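This is a predicted model, so every value here is computed, not measured.
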Amino acid sequence: MISAGVNNTYGHPNPGVMERLEATGSDIYRTDQMGEVQMRVKDGKIDVRYKLFGVE
């Protein structure tokens, strides 16, 4: 889960970090691209859903 605002001035997430996460096959959820991200644990599984609100 990466929490970052759209067009943030800090440049998050860092491209090097993203490359390392992608190289390990990690599932990546980004609030700047996906909007609200919700995770729920049920019966030992993580259910993820997201909803984009007016991000341009």
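V37 is not connected to L52 by any chain of hydrophobic side-chain contacts under 4.5 Å among Ile, Leu, Val, Met, Phe, Trp and Tyr, and they are in different clusters. Linking Ile, Leu, Val, Met, Phe, Trp and Tyr residues whenever their side-chain heavy atoms come within less than 4.5 Å places V41 and Y50 in a single cluster.
Contact annotation: the side chain of K42 never approaches that of D47 to less than 4.5 Å [non-hydrogen atoms, C-beta and beyond]. Residues I2 and M18 form a side-chain contact, since some pair of their non-hydrogen atoms from C-beta on lies under 4.5 Å apart. Side-chain contact between D32 and N7: absent, with no pair of heavy atoms (C-beta onward) separated by less than 4.5 Å. Residues V17 and H12 form no side-chain contact, since every pair of their non-hydrogen atoms from C-beta on lies 4.5 Å or further apart.
Of the possible polar contacts, none joining the D43 side chain to the K45 backbone as a donor-acceptor pair under 3.5 Å is found. Between the side chain of T31 and the backbone N or O of E36 there is no donor-acceptor pair closer than 3.5 Å.
For the pair G5 and N8, the tightest heavy-atom approach, listed with the atom from each and the gap, is O-ND2, 3.0 Å.
Between the CD atom in E19 and the CG atom in N14 there is a gap of 8.5 Å [rounded to 0.5 Å]. Rounding to the nearest 0.5 angstrom, the gap separating the OG atom in S3 from the CZ atom in R30 is 11.5 Å.
Each of M39, M34, Q38 was compared with V48 under the side chain to side chain contact (heavy atoms under 4.5 Å, CB included) criterion, and only M39 meets it.
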